[in-house]
Amino acid sequence: MSNAATTTSPISTSSSGCVHRWTQTLIPTTRDAPSDAETPSHIFMVRAGYIRSVGSGIYTYLPLAWRALRKISEIVREEMDAAGASELLMPTLEPIELYKDTKRDVDYGDLLFKLEDRHGRIAALGPTHEEVITDLMCSSLTSYKQFPLNLYQIQTKFRDEFRPRAGLLRCREFIMKDAYSFHLELEGDAGLNDTYDKMYQAYTNIFTRCGLDFSAVEAEAGPIGGSASHEFMVNCVSGEDTILYCPSSGYAANVEKAEIGERSWSFDGAPGSDLTKHHTPKMPGIELVAEHLGTTASGMLKTIVMRTVEDTPRWVLAVVRGDHDVNEGKVRDAVGCAVEMAPEGEARKAGFAIGYVSPRMGYVAENSLVLIDPDAAGGTWATGADENDYHVTGWHWSRDSELVDSRLEETGVSEDGLVRIVSIRNAVAGDPSPRAEGSVLEERRGIEVGHIFKLGSKYSDAMGLSVLDRDQKKRSVIMGCYGIGVSRTLAACVEMAHDENGIVMPLAIAPYHVQIVVIKPEGDGVMDHVDALSKELSSNGFDVLVDDRSERPGPKFKDADLIGIPLRIIVSPKTIEAGEVEFKRRSDEGKAVLVSRGEILNTCLDAAKSL
RNA sequence: CAGGGCGUAGCUCAGCUUGGUAGAGCGUGUGGUUUGGGACCACAAGGUCGCAGGUUCGAAUCCUGUCGCCCUGACCA
């Protein structure tokens, strides 16, 4: 936290907060959850009057959500500015021509919202802004003396997701902070690595200040492209992403990226039984087949037919144990070029009985690479029979395929180099740690709220962004990019911090710091008393929400729990008379405690420090 | 996009199988009794049953089409 822009409490000490009355804003809480919400953050944000659905993956941010989003944005701004970045704002509308050079009009594909203007020109609603900013830099970056440069914006992004889901967690329209940095070198003060590290630290500061329980993990770079990349994950059992981590070394990575420690393999050993063919029609899923064959998924070999993305594609057979999943990134790295799932039609034409393929096909089909995961190498297995609706049991590597030669047995690479033993599967809990011998990986779930990438020169090369260096040599500009899902961060926060009664907002991003629940607001002088209290709090930096509705106490307490304002003061005619108020944190289990009117400000200030 | 489910009052849902004048609870408005964890009584407002065709004397209900929404999967902030 030493580099944080501010290290003080989330309450502003320099400026005063606001006082808003419930009856003068819009907080439409409901008793029932909408029938189409299933995720806690979705249910509670709708019930608590934070958001309302407008269409699939499209939401209105009601006042409470918008206040929280503004607070998140402000923290993002402070930390980005402190880390040397400057804010700008690029357009949402991006001419499709911008995407031609980087081919992302194709690569981004259906994710891109496109629209046509009255002249027939096509524009995209920006899903991200690498192209726009690189184009801008082509004309405004003119000298090596300008580096490093780091620019960011906070803006609504559009992605035509296959399936929007879970309220604000996956939207078609969402708020994102995206930053782009420019360099001539990797190393040194002006280099990409330095800015990347600064962004890593800034993100750590941001999510810490937001009050989130998160992990920074190694990640796949994905379609944005580039080399190194880290994701920031909110730790949460309901998260979509799987993180693997090693408790002893601190290594943590997305399952897409996680490495696995050394595993031994051997082709020694005689076949366990004879090769037997079994009729296995209409059995979707490897578990069903395994059960029918009297084994389990871990007793089977799974052969995934892929092919390289080249001018003359080659087949790639990825062989893993039946209970494991092939990792496309690892296959790509092993092959040395991009790979894709083989189109089923073409694979069938080439003789692959899709769904019933055995590793043997690597020998039968010409020009094939066979990649064998260490856990699948050696031994006797059940696998496909290379014939529709048939599997075999008792399949033995040396006896039943022509793939194994002595070189493969010794070195893991066959004589012709076409068969290799290499780690190509997703890591799972219990796998050996890649960083600490004797330790095993553990698993937890997370929600991705931030992602930083070292892009390298992918975009600058594609779009011709270069400058002259000190030696008057033309050099490609090196880039980094850094994203935060601002609206998703809010949802992830609710996902992480709620109980059965509603949201439990962290102080730093709560719409208000203090909620004053007024019992009998119509009572004599009650609101005068509340006004004085509100003013005292707000002039000390607290944002105050006054529930001045003439409701009975029950609904007011229920609503207070729902919307999750961290500090609660209860004012009633009874306590006013006694010169007291009641105080309670949203996170407190028990009843409110009585505090004298003169002490309540200090009570709140103390609570703000400890939250 | 594939598979599954759902569209009836502001919200949650019943009614549909077996066609016959549109229902409940919550919420809302008014009046009254209440007032510390979603009070009670009375009255009232509120729906061309997603939309378009068809069958029928008659359709929320049966048939066809269409649009929208949710869930499961491949993608991602």
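A note on names: the letters A, B, ... follow the listed sequences, proteins ahead of strands, and every chain is numbered from 1.
Listed candidates were B:A77, B:U12, B:A74. Nearest to the side chain of A:F162 is B:A74. Taking only side-chain atoms of A:L111, from C-beta outward, the nucleotide of B:U35, B:C75, B:G36 with the closest atom is B:C75. Side-chain proximity of A:T575 to B:G36, B:A39, B:C26: nearest is B:G36. Relative to the side chain of A:S56, the nucleotides B:C69, B:G27, B:A77 differ in distance, and B:C69 lies closest. With B:C71, B:G36, B:A77 as the candidates, the nucleotide lying closest to the side chain of A:R165 is B:C71. Nearest nucleotide to the A:D32 side chain, out of B:G25, B:C71, B:G27: B:G25. Candidate nucleotides B:G36, B:U34, B:C71 were compared by shortest atom distance to the side chain of A:S572, and B:G36 ranks first. Considering only side-chain atoms of A:I519, the nucleotide from B:G36, B:C69, B:A77 that sits closest is B:G36. Looking at the side chain of A:E38, the nearest of the listed nucleotides B:C70, B:G38, B:G37 is B:C70. Nearest to the side chain of A:E582, among B:U34, B:G36, B:G38, sits B:G36.
Judged by atom type and distance alone, A:R170 reaches the base of B:C75 through a side-chain donor-acceptor pair under 3.5 Å. Contact annotation: side chain of A:R31 to base of B:U12, donor-acceptor pair absent below 3.5 Å. For B:G38, the base has no donor-acceptor partner in the side chain of A:E551 [N/O atoms by modelled type, under 3.5 angstrom].
At a threshold of 4.0 angstrom between heavy atoms, the contacts of A:R549 with the nucleic acid are absent. Among the protein residues, A:A166 comes within range of the sugar-phosphate backbone only, with heavy atoms under 4.0 Å from sugar or phosphate atoms but none that close to a base. Nucleic acid contact class of A:D178 (heavy atoms, under 4.0 Å, all strands): none.
Under the 4.5 Å side-chain criterion, counting only non-hydrogen atoms from C-beta, A:M496 is in contact with A:L212.
Comparing the P positions of B:C16 and B:C6 gives a spacing of 15 Å, expressed to the nearest Å. Nucleotides B:A44 and B:G25 are separated by 14 Å at their P atoms, to the nearest Å. Atom P of B:C49 sits at a distance of 43 Å from the matching atom of B:C75, rounded to the whole Å.
Salt bridge A:D325/A:R425: absent, no basic N to carboxylate O contact under 4.0 Å. The pair A:K330-A:D373 does not meet the salt-bridge criterion, since no charged nitrogen lies less than 4.0 angstrom from a carboxylate oxygen.
OP1 or OP2 of B:C71 has at least one side-chain nitrogen or oxygen of A:R163 nearer than 4.0 Å. An OP1 or OP2 oxygen of B:C13 is reached within less than 4.0 angstrom by a side-chain nitrogen or oxygen of A:S35.
Between A:H451 and A:F453, the ring planes lie parallel to each other; the angle is under 30°, not in the 30° to 60° tilted range. Between A:H42 and A:Y59, the two ring planes are perpendicular [angle over 60°; tilted spans 30° to 60°].
Where stacking is scored as ring centres under 5.5 Å apart with planes under 30°, A:F557 does not register as stacked on the base of B:G36.
Base pairing annotation: B:G53 forms a Watson-Crick or G-U wobble pair with B:C63, both donor-acceptor distances under 3.5 Å. In a base pair of the Watson-Crick type (N1 to N3 plus N6-O4 or O6-N4) or a G-U wobble (N1-O2 and O6-N3), with each distance short of 3.5 Å, B:G73 is matched with B:C1. Using N1 to N3 plus N6-O4 or O6-N4 for Watson-Crick, or N1-O2 and O6-N3 for G-U wobble, each under 3.5 Å, B:A39 pairs with B:U33. Nucleotide B:C26 forms a Watson-Crick or G-U wobble pair with B:G10, both donor-acceptor distances falling under 3.5 Å.
You'll find the ring centres of A:F232 and A:H230 outside the 6.0 Å limit.
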